Q: 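Before I ask anything, let me first share the structure, which is written out below as structure tokens.
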Amino acid sequence: MSNLFPAVVETDRLRLERAGRDTVDVRELYRVASGDDAEEMFAHVPFSPHETPKETFDFLASCEERWESGKAAEYAVRRPDDGEFVGMTGIACYWGHDTAEPGIWLRKPFWGRGYSGERARALLTLAFDRLDFSLVSVSAAADNEKSRRAVGKYIDDAGGRFEGVIRRGLQFFDGEVRDKARYTISQAEWRESGGPDESVTFIDSLL
């Protein structure tokens, strides 16, 4: 596996582990991605519920391919105390634009606990301090007020800003196209606002 990205990212309450077929149980992820909460979980993100375990297997294989090529670092999010699966997150790398774009989805039982912001601060540290990107761009469905409030808070805290709404800028797997709210933060803004999150630990191999 590529050593460009850390295999593990640890925060105070979360452990992010490289997503792949050797690190994520296909059956566990399939149960979540096809379960009763799947439609609601994926309602505002460009993912869709999985129809078969093979779809989950292929998704994890694609995570491995993007990791190895340096296109994206995708992680399974777990609680370190009990290893419970919380969701998925990652950071897409647009090297030609010197821009990284993080994303996330969480299981419904873990909404409203501040996990998204904690994970975001860790990925900002990864994007700026380890990968040396000049800009991080974060997108949210323009009609998802809850997500926009959460994104707006951690972007503001890190010195970034709301850029505006891009009409028909977000395409979903089912072909639906919706308006996209875009937020950005530069490395200079991030460093001026405080820089790396000292509570974040990068580990280059799975323990």
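Here the structure is a predicted model, which is why all the values come from computation and not from measurement.
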Q: Within the distance-only criterion (no hydrogens, no angle test), does the side chain of Arg18 pair as donor or acceptor with the backbone N or O of Ala7 below 3.5 angstrom?
A: no
Q: Side chain to side chain donor-acceptor pair (under 3.5 Å) with Glu189: which residues, sequence neighbours excluded?
A: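 In terms of side chain to side chain donor-acceptor pair (under 3.5 Å), with neighbours along the sequence ignored, Glu189 is linked to Ser186.
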Q: Between Leu16 and Thr89, is there a side-chain heavy-atom distance shorter than 4.5 Å?
A: yes
Q: Got a sec, which pairs hit ring pair (Phe, Tyr, Trp, His ring centres under 6.0 Å) with one end in residues 69-89, sequence neighbours left out?
A: Trp67-Tyr75
Q: Do the side chains of Arg66 and Glu64 get close enough for a salt bridge, i.e. N-O under 4.0 angstrom?
A: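 A salt bridge is absent here (no side-chain N lies under 4.0 Å from a carboxylate O).
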Q: List the residues meeting ring-ring contact (aromatic ring centres under 6.0 Å, His included) with Trp95, not counting sequence neighbours, and say none if there are none.
A: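 By the ring-ring contact (aromatic ring centres under 6.0 Å, His included) rule, Trp95 matches Phe133.
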Q: Go through the structure and list residues passing side chain to side chain contact (heavy atoms under 4.5 Å, CB included) with Thr99, not counting sequence neighbours.
A: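 Thr99 satisfies side chain to side chain contact (heavy atoms under 4.5 Å, CB included) with His97, Leu135, Ser137 once adjacent residues are dropped.
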Q: Under the rule for ring-ring contact (aromatic ring centres under 6.0 Å, His included), what residues qualify as partners of Tyr115, not counting sequence neighbours?
A: none
Q: Are Arg161 and Asp156 close enough, and set up right, to give a salt bridge (charged side-chain N to carboxylate O under 4.0 Å, His left out), and what steps lead you there?
A: CA-CA 6 Å; Arg161 64 192 185 192; Asp156 286 344; over 6 Å; no
Q: Do Ser34 and His50 have a side chain donor and acceptor closer than 3.5 Å?
A: no
Q: Is there side-chain contact between Ser139 and Glu101, with heavy atoms separated by less than 4.5 Å?
A: yes
Q: Considering only heavy atoms from C-beta outward, does the side chain of Phe5 approach that of Leu131 to under 4.5 Å?
A: yes
Q: Are more than 12 heavy atoms, taken from residues, nucleotides or ligands other than Arg167, located less than 6.0 Å from that residue's CZ atom?
A: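 No, the 6.0 Å shell around CZ holds no more than 12 heavy atoms from other groups.
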Q: May I have all residue pairs that pass salt bridge (Lys or Arg N to Asp or Glu O under 4.0 Å) and include part of residues 142-151, sequence neighbours excluded?
A: Asp143-Arg178
Q: Kindly indicate whether the side chain of Met41, heavy atoms from C-beta on, has any atom under 4.5 Å from the side chain of Val32.
A: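 Result yes, sub-4.5 Å side-chain heavy-atom pair found.
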Q: Does Glu10 reach the side chain of Ile203, with side-chain heavy atoms less than 4.5 Å apart?
A: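 Sidechains of Ile203 and Glu10: in contact.
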Q: Under the rule for side chain to side chain donor-acceptor pair (under 3.5 Å), what residues qualify as partners of Thr125, not counting sequence neighbours?
A: none
Q: I'd like to know if the side chain of Gln187 pairs up with that of Asp129 as donor and acceptor (distance under 3.5 Å, no hydrogens or angles considered).
A: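 No - no donor-acceptor pair under 3.5 Å links their side chains.
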Q: Rounded to the nearest 0.5 Å, how far apart are OG1 of Thr201 and CG of Asp12?
A: 9.0 Å
Q: Tell me, please, which residues at least two apart from Asp204 pass side chain to side chain contact (heavy atoms under 4.5 Å, CB included).
A: Pro6, Arg130
Q: Holding to side chain to side chain contact (heavy atoms under 4.5 Å, CB included), I want the full list of residues that pass it with Ser134, two or more places apart in sequence or in another chain.
A: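 Partners of Ser134 by the side chain to side chain contact (heavy atoms under 4.5 Å, CB included) criterion, ordered by chain and then number, come out as Asp98.
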Q: Could you list who else is in Tyr183's hydrophobic cluster, with ILVMFWY side chains joined at under 4.5 Å, directly or through other members?
A: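 Under the 4.5 Å side-chain rule, Tyr183 groups with Leu124, Phe128, Val136, Val138, Val151, Tyr154, Ile155, Phe162, Val165, Ile185, Trp190.
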Q: Using a 6.0 Å cut-off, check whether atom CD of Glu39 has over 12 heavy atoms from anything other than its own residue.
A: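 Not buried by this count: 12 neighbours or fewer within 6.0 Å.
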Q: Holding to side chain to side chain donor-acceptor pair (under 3.5 Å), I want the full list of residues that pass it with Asn144, two or more places apart in sequence or in another chain.
A: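 Expected list: none.
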Q: Which residues satisfy the side chain to side chain contact (heavy atoms under 4.5 Å, CB included) test with Glu84, sequence neighbours excluded?
A: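 Side chain to side chain contact (heavy atoms under 4.5 Å, CB included) list for Glu84, sorted by chain: Arg79, Asp82, Arg107, Phe110.
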Q: For the CD atom on Glu28, are there more than 12 heavy atoms of other groups (residues, nucleotides or ligands in this structure) within a distance under 6.0 Å?
A: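 Counting neighbours around CD of Glu28, more than 12 heavy atoms of other residues, nucleotides or ligands fall under 6.0 Å, so yes.
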